[in-house]
Amino acid sequence: MSANVESMFYVRETPWHGLGVKVAEAPASADAIRLAGLDWNVVQEPVFTEGNEKIPGFYANVRDSDRKVLGVVTDRYRVVQNREAFAFTDELLGEGVRYETAGSLQDGRRIWLLARLPHEYIISGERISPYLVFSNAHDGSGAIRVAVTPVRVVCNNTLNLALSTAKRSWSCIHTGDIKGKITDAKETLFFAEKYMGALGKEFDALRMKKLTDRQVEEYISLLLPGEEDGTKRAKNMQRLQEDMRARYHDAPDLKAVGKNAYRFINAVSDFATHADPLRRSANYKESLFLRTMEGNPMVDRAYQIINAA
């Protein structure tokens, strides 16, 4: 497993991100928290100088299982334990919720869990399954975040779009009345329902927007601007353009869709989540995984280009 992923499980088929430990069935929270390696707590301890002087107003967030320091925060920071994240999702989705994946990144500094929402949607004749993502940072670097991630079932492609008519995520910082804020987040299901409804209308509109092959070439050039100087960079960009072009023209699951904006968005999403990067960094899969859960910027850019045309 990559160095940036500390622990993680997934259900049944190896997911596109290729990370984690396989389990046969989607587990309930009691098993999921153990399988994900998240059965530990964060305790706050005072911070001292080398001269053993206590530093006022600051605390270290320490993992109780191995005494690892996850981060240093101010005294305004409120801890949200891993079990609270699972309890929140259990209560939100009801008894019997099953988790598809969960885990820990960056030595426990960031954790997430992903659960399938109870209803699937048939949008433009295709099965779209929405997932709820809960992510949290224990090092003080980020907010608590809850997002809805719709997945096109036939090819396991995420189809997050930054819609102007419905938001796809809720977040709050680790200060003030955390319990109250998480209670407010129970409206997540309402905004998820609204988001999926708006997404359906948008998909129908994208299917109606016909594209010529020339327009597709223009949009690919905007997303992946090339160079004509014959350098290695230019050749690499040309390879990426050819990859995206093939995903639009040749993908078997898009053959019957027609030449339209919906097909283009799907091709971009497939490229953004599956294409080999020019450089394979040690943690590129984890970065891509998190980026895709929360909305991939390339897919959002493609959506903006389509709407501006």
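Computed from heavy atoms alone, side chains included, the values below leave out hydrogens, waters and symmetry copies. Computed from a predicted model, the values in this text were never measured in an experiment.
Contact record, Asp90 with Ser29: OD2-OG, 2.6 Å, taken as the closest heavy-atom pair. Minimum interatomic distance between His249 and Lys255 (heavy atoms only, all atoms of both residues): O-NZ, 3.3 Å. Scanning all heavy atoms of the two residues, the minimum distance from Val299 to Ala272 falls at CG2-CB, 4.3 Å. Scanning both residues, Met196 and Pro130, for their nearest heavy atoms gives SD-CB, 3.9 Å. Across all their heavy atoms, Ala137 and Tyr77 have their closest contact at O-OH, 3.0 Å. Residues Ala115 and Thr89 come closest through the heavy atom pair CB-CG2, 4.1 Å.
Both Ile305 and Phe271 are members of a single hydrophobic cluster when ILVMFWY side chains are connected at heavy-atom separations under 4.5 Å. One hydrophobic cluster holds both Phe191 and Ile128 under the rule that ILVMFWY side chains link at heavy-atom gaps under 4.5 Å. Linking Ile, Leu, Val, Met, Phe, Trp and Tyr residues whenever their side-chain heavy atoms come within less than 4.5 Å places Leu159 and Leu163 in a single cluster. There is no path of hydrophobic side-chain contacts, each under 4.5 Å, that joins Leu211 to Met208. Note on Leu222: it clusters hydrophobically with Met298, by side-chain heavy-atom contacts below 4.5 Å among ILVMFWY residues.
We find the CG-NZ distance between Leu206 and Lys209 to be 6.5 Å, quoted to the nearest 0.5 Å. For the atom pair Leu132 CG and Ser169 OG, the distance stands at 11.0 Å (nearest 0.5 Å). Rounding to the nearest 0.5 Å gives a distance of 6.0 Å between CD1 of Ile55 and OG1 of Thr49. Taken from CG in Leu224 to CE in Met237, the straight-line distance is 6.0 Å, to the nearest 0.5 Å. Note: Asn41 CG to Asn82 CG = 7.5 Å, rounded to the nearest 0.5 Å. The distance from the OG atom of Ser124 to the CG atom of Asn260 is 9.0 Å, given to the nearest 0.5 Å.
Considering only heavy atoms from C-beta on, Arg263 comes within 4.5 Å of Lys259 through its side chain. Here the side chains of Ile306 and Phe264 are in contact, with some heavy-atom distance below 4.5 Å. Asp75 places a side-chain heavy atom less than 4.5 Å from the side chain of Tyr59. The shortest distance between side-chain heavy atoms of Tyr219 and Val268 does not fall below 4.5 Å. Residues Pro56 and Phe58 fail the side-chain proximity criterion, which asks for heavy atoms closer than 4.5 Å. Taking 4.5 Å as the limit, every side-chain heavy atom of Glu100 sits out of range of all side-chain heavy atoms of Leu113.
For Phe134 and Phe88, the gap between ring centers is short of 6.0 Å.
In this structure, the ring pair (Phe, Tyr, Trp, His ring centres under 6.0 Å) partners of Phe86, at least two apart in sequence or on a different chain, are Tyr99.
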Handout entry: Worked check of side chain to side chain donor-acceptor pair (under 3.5 Å) between Tyr262 and Glu126
Key = CA-CA 12 Å; Tyr262 178 74; Glu126 297 196 66; 2.7 Å; yes
Practice task
Report the C-alpha separation of Trp40 and Asp66 in whole Å, then their side-chain angles, then the decisive distance to 0.1 Å, and conclude whether the side chain to side chain contact (heavy atoms under 4.5 Å, CB included) test is met.
Solution key: CA-CA 9 Å; Trp40 42 265; Asp66 60 0; over 6 Å; no
Exercise for the section: Could you please spell out the steps behind the salt bridge (Lys or Arg N to Asp or Glu O under 4.0 Å) verdict for Arg63 and Asp107? Expected result: CA-CA 10 Å; Arg63 181 163 56 186; Asp107 295 325; 5.9 Å; no
Exercise for the section: Dump the intermediate steps for side chain to side chain contact (heavy atoms under 4.5 Å, CB included) on Tyr248 and Leu254, then the final yes or no. Expected result: CA-CA 8 Å; Tyr248 176 82; Leu254 296 177; 5.9 Å; no
Exercise for the section: I would like to know whether Leu70 and Gln106 meet side chain to side chain contact (heavy atoms under 4.5 Å, CB included); could you show each step before the answer? Expected result: CA-CA 9 Å; Leu70 303 177; Gln106 301 164 355; over 6 Å; no
Problem - Derivation of the side chain to side chain contact (heavy atoms under 4.5 Å, CB included) call for Arg245 and Glu217 - result: CA-CA 8 Å; Arg245 190 177 296 120; Glu217 289 299 316; 2.7 Å; yes
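Checked options Arg239, Arg247, Gln241; the residue passing with Asp243 is Arg247 (criterion: side chain to side chain donor-acceptor pair (under 3.5 Å)). No option in Ile144, Val146, Val80 other than Ile144 meets the side chain to side chain contact (heavy atoms under 4.5 Å, CB included) test with Cys172. Looking at Asp64, Val79, Val62 one by one, the single match for side chain to side chain contact (heavy atoms under 4.5 Å, CB included) with Val42 turns out to be Val79. Here the options are Gln44, Lys68, His138, Arg109, the test is side chain to side chain donor-acceptor pair (under 3.5 Å), and the partner is Asn61; only Gln44 passes.
Arg168 and Tyr195 are not linked by any side-chain donor-acceptor pair at a separation below 3.5 angstrom, with hydrogens and angles left out of the test. Defined by atom type and a distance below 3.5 Å, a donor-acceptor pair is present between the side-chain atoms of Glu193 and Tyr121. Donor-acceptor pairing under 3.5 Å is lacking for the side chains of Arg78 and Thr175. If you check the side chains of Arg110 and Ser104, you find no donor sitting under 3.5 Å from an acceptor. For Ser141 and Asp139, the side-chain atoms include at least one donor-acceptor pair closer than 3.5 Å.
Without hydrogens or angle criteria, Thr158 side chain to Asn160 main chain gives no donor-acceptor distance under 3.5 Å. Side-chain atoms of Ser269 do not come within 3.5 Å of backbone N or O of Ile265 as any donor-acceptor pair. Counting only distance, with no hydrogens or angles, the side chain of Glu84 and the backbone of Gln81 share a donor-acceptor pair below 3.5 Å.
Remark: Arg152 does not engage Asp270 in a salt bridge, criterion side-chain N to carboxylate O under 4.0 Å. Using a 4.0 Å cut-off between a side-chain N of Lys or Arg and a carboxylate O of Asp or Glu, Asp204 and Lys201 do not qualify as a salt bridge. No salt bridge links Glu202 with Arg207; every basic N to acidic carboxylate O contact stays at or beyond 4.0 Å.
Lys54 forms no cation-pi arrangement with Phe48, by the criterion of a distance under 6.0 Å to the ring centre and an angle within 45° of the ring axis.
Cluster note: Ile122 groups with no other residue, as no ILVMFWY side-chain heavy atom lies under 4.5 Å from it.
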